[in-house]
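Single-structure report; data block below.
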Amino acid sequence: MAGRFAPRPTRTTVRGGHVAVGAGVPRQAAGPGRVRDWVPDGPLDLGLVLGPLRRGPADPTFRAMPDGSVWRASRTPAGPGTLRVCAYGGGVRGEAWGPGAGWLLERLPELLGAADDPSAFVPRHRLLAMTRHRRPGLRLTRSGLVLESLIPSILEQKVTTDEAYRAWRLLVRKYGEPAPGPGRMYVMPAPRTWALIPSWEWHRAGVDNKRASTILRAVRVAARLEEAVGMEPGAARARLEVVPGIGPWTSAETVQRSHGAADEVTVGDLHLPGIVGWALAGDRDADDSVMLELLEPYAGQRHRAARLILLSGRVPGRRAPKMPRWDIGQF
């Protein structure tokens, strides 16, 4: 549901939605890519829409540039591809390279929230009404790719955000492939490559056996999991959860990105219930049941409501030291 404006991004803050511009300018292209122009039917903020797809500030598959453009490298059904998206005037231009360029450009509108309906959300709390007014460009992205959201979500299970981002960065850089086009980016490994990563490399990346085994089980049925993108979000989650090690938290985090699921709220999160409880009822000790009760008036739009809460900046103060980072690669 995987950035809010906050001093230090956490798992929930990055899920909140806005991408800060990144460092590093892509290399000049040797040749022009394929181009598509698209005009959205309302306000569109690229950072808010595409922010949940980024896995940390050093994600090798994602770049937010000082000129306002966003770059993504993806493994599509047609092959690897790189997509650059930039806003100009009232429109958006997408430029793509590689075998997957056509696939990426064909689905550019859905990636930018064309299938989403922000008008379906009716705020019932002043905080959400004000946040929606300040963030009119928020739309829910639909990537159309399951594995690229599922694998980093598995890496984020039961660890700090920094640990998960480090593991994703190291594994993609070592076992992925350079992305086509001008950007200094990487495409995530193919399913077969994930399956061949040695056990000691998982260990060096700080990934314990439980999460590594879950990823290995998932990539063995990668084709069946990717088919879930054509299902309704509930049915897609059910298919994902057939894989041992994938539970409600992971499946929700995945379909929020792959399907643009407006109602799939994350349960089992360490921070989200307390944030929602504090924002809507002043209850920082809220659990999942209380969170779901508070979000019940937004049935059908509960994920959007949670995104707006995260973007509002209304979070309870920290009461305990930050969770320590454990690098199992040092053991």
Side-chain angles (χ1 to χ4, degrees), residues 1-6 9-20 40 42-56 62 64 70 110-143 149 152-153 156 161 233 237 248-281 286 288 291-316:
M1 182 172 114
R4 207 170 58 245
F5 293 111
T10 65
R11 180 184 295 159
T12 33
T13 62
V14 172
R15 280 205 311 271
H18 194 274
V19 184
L44 179 66
D45 186 315
L46 292 180
L48 288 176
V49 176
L50 299 179
L53 301 178
R54 183 184 69 169
R55 305 292 182 156
F62 192 106
V70 175
E110 284 193 357
L111 180 71
L112 299 179
D116 183 36
D117 182 14
S119 66
F121 180 79
V122 180
R124 301 181 184 276
H125 294 82
R126 178 180 175 83
L127 176 70
L128 297 188
M130 293 177 61
T131 305
R132 188 180 71 162
H133 178 73
R134 293 198 306 265
R135 307 284 193 175
L138 173 64
R139 290 175 179 246
L140 302 182
T141 184
R142 178 184 171 92
S143 71
S149 293
S153 294
E156 291 179 2
T161 307
R237 291 186 63 181
W249 186 91
T250 307
S251 66
E253 289 287 307
T254 301
V255 300
Q256 288 163 7
R257 297 169 171 87
S258 62
H259 289 66
D263 193 47
E264 299 300 325
V265 63
T266 303
V267 296
D269 192 85
L270 179 62
H271 305 289
L272 187 61
I275 294 174
V276 172
W278 177 257
L280 300 186
D288 282 333
M291 176 182 70
L292 293 176
E293 183 178 349
L294 290 171
L295 292 176
E296 183 59 31
Y298 300 103
Q301 295 285 316
R302 293 178 300 173
H303 171 49
R304 190 191 309 278
R307 283 284 307 276
L308 288 170
I309 290 170
L310 292 170
L311 287 167
S312 73
R314 182 176 172 80
V315 297

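Computation of the quantities below employed the complete heavy-atom set of this structure, encompassing side-chain atoms and omitting hydrogens, waters and symmetry-equivalent molecules. Nothing here was measured: the structure is a model prediction, and the numbers come from that model.
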*At their closest point, which heavy atom of Arg307 faces which heavy atom of Pro52, and how far apart are they?*
NH1-CG, 3.5 Å
*Taking side chain as C-beta onward, heavy atoms only, is Gln301 less than 4.5 Å from Pro118?*
no
*If we only count heavy atoms from C-beta on, is the Glu156 to Arg55 side-chain gap below 4.5 Å?*
yes
_Tyr298: ring pair (Phe, Tyr, Trp, His ring centres under 6.0 Å) partners, not counting sequence neighbours_ = Phe121, His125
*Are the side chain of Asp288 and the backbone of Val267 linked by a donor-acceptor contact shorter than 3.5 Å?*
no
*State the CG-NE2 distance between Leu128 and His133, to the nearest 0.5 angstrom.*
14.5 Å
*Sub-4.5 Å side-chain heavy-atom contact between Asp45 and Leu138*: no
*Is a donor on one side and an acceptor on the other found under 3.5 Å between the side chain of Ser312 and the backbone of Ile309?*
yes
*Note, Arg304 side chain near Asp116 side chain (heavy atom, < 4.5 Å)*: yes
*Taking all non-hydrogen atoms of both residues into account, name the closest pair between Ala115 and Glu110 and its distance.*
CB-CG, 4.4 Å
*Would you say Val49 and Val70 make side-chain contact, with heavy atoms under 4.5 Å?*
no
*Of all the heavy-atom pairs spanning Gly300 and Asp263, show the shortest one and how long it is.*
N-OD1, 2.7 Å
*How many angstroms lie between CG in Leu308 and CZ in Arg134, if you round to the nearest 0.5 Å?*
10.0 Å
*Return the minimal non-hydrogen interatomic distance between Glu264 and Arg237, and the atom names on each side.*
OE1-NH1, 2.7 Å
*Keeping the roles fixed (side chain from Thr141, backbone from Leu111), state whether a donor-acceptor pair exists under 3.5 Å.*
yes
*Using the side chain to side chain donor-acceptor pair (under 3.5 Å) rule, take Glu253 and Thr266 through it: C-alpha gap first, then chi angles, then the decisive distance, then the call.*
CA-CA 7 Å; Glu253 289 287 307; Thr266 303; 2.9 Å; yes
*What's the shortest heavy-atom distance between Ile275 and Pro316, and which atoms?*
CA-CD, 4.1 Å
*Check whether any side-chain heavy atom of Leu295 sits under 4.5 Å from a side-chain heavy atom of Leu280, and report yes or no.*
yes
*Closest approach of Thr254 and Thr250, non-hydrogen atoms and distance?*
OG1-O, 2.9 Å
*Flag the pair Asp269 / Met291 as yes when at least one side-chain heavy-atom distance between them is below 4.5 Å, and no otherwise.*
no
